[in-house]
Amino acid sequence: MTTSNDADLLLAVLVQASNSSADPETSVSITLTVGGLVVSGDLVPAWVWLREVRGLLVEGSGTGADGMANVFGMLADDALGDALIRDATGSLEDEEAPAQALPTTIHLARAVVLGAHHHQELAGGLWRGRLSHVTGWTFGRFEP
């Protein structure tokens, strides 16, 4: 495994395990500190997050929402396909393939952002962030 950023290795491995799951029910409650804020939610596989974004776009009435929804749907299908292969074979790697890079982003569902004097539920409860920006984390949800 290789990583090209300064993200917490254990968190990156946890995200990689989540992303490798083909089970849509895969989630782990987690709380992160990011740029002075606390973000709390459920860590979900990237493909689940992408499908949820697609659903939000389908519900949206903005111009071009259908086209964007299709793009997110295709990305979700590709990521799910990779997860299904991992489930079936135990890995996407063979002995001669280079080590798979660790993920650089984390995806949360049912997320809330907590600041010093407020907490904000997010549209659709979806949040995505760079692992290298996470300065601390713990299991479980922070409920104000």
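Between Ala7 and Ser132, the shortest heavy-atom contact is CB-N, 3.9 Å. In terms of heavy atoms, Leu56 sits closest to Leu126 at CD1-CD1, 3.6 Å. Heavy-atom minimum distance, Leu37 versus Gly115: CD2-CA, 3.8 Å. In terms of heavy-atom proximity, Ser40 sits nearest to Thr31 at OG-OG1, 2.9 Å. The minimum heavy-atom distance linking Thr105 with Val15 is given by the pair O-CG1, 3.4 Å. Nearest approach of Val44 to Ser27, heavy atoms of both residues: CG1-CB, 4.1 Å.
The line from CG of Leu32 to NE2 of His133 is 13.0 Å long, rounded to the nearest 0.5 Å. Here Leu108 contributes atom CG and Arg128 contributes atom CZ; the two are 11.5 Å apart, rounded to the nearest 0.5 Å. Annotation: the span from Asn19 atom CG to Trp49 atom CH2 amounts to 11.5 Å, rounded to 0.5 Å.
Tested against Val113, the residues Val39, Val38, Val34 include a single side chain to side chain contact (heavy atoms under 4.5 Å, CB included) partner, Val39.
Under a 3.5 Å cut-off, the side chain of Trp47 and the backbone N or O of Ser21 do form a donor-acceptor pair.
Annotation: side chain of Trp127 is not in contact with side chain of Val112 (no heavy-atom distance under 4.5 Å). At a threshold of 4.5 Å between non-hydrogen side-chain atoms, the residues Val48 and Thr26 do not count as touching. Taking 4.5 Å as the limit, some side-chain heavy atom of Leu14 sits within range of a side-chain heavy atom of Ile30.
Taking the side chain to side chain donor-acceptor pair (under 3.5 Å) definition, one finds that Thr135 meets it with Thr33, sequence neighbours left out. With sequence neighbours left out, the side chain to side chain donor-acceptor pair (under 3.5 Å) criterion links Arg130 to no other residue.
Each salt bridge (Lys or Arg N to Asp or Glu O under 4.0 Å) pair with one or both residues in residues 106-125, not counting sequence neighbours, appears once here: Asp42-Arg110.
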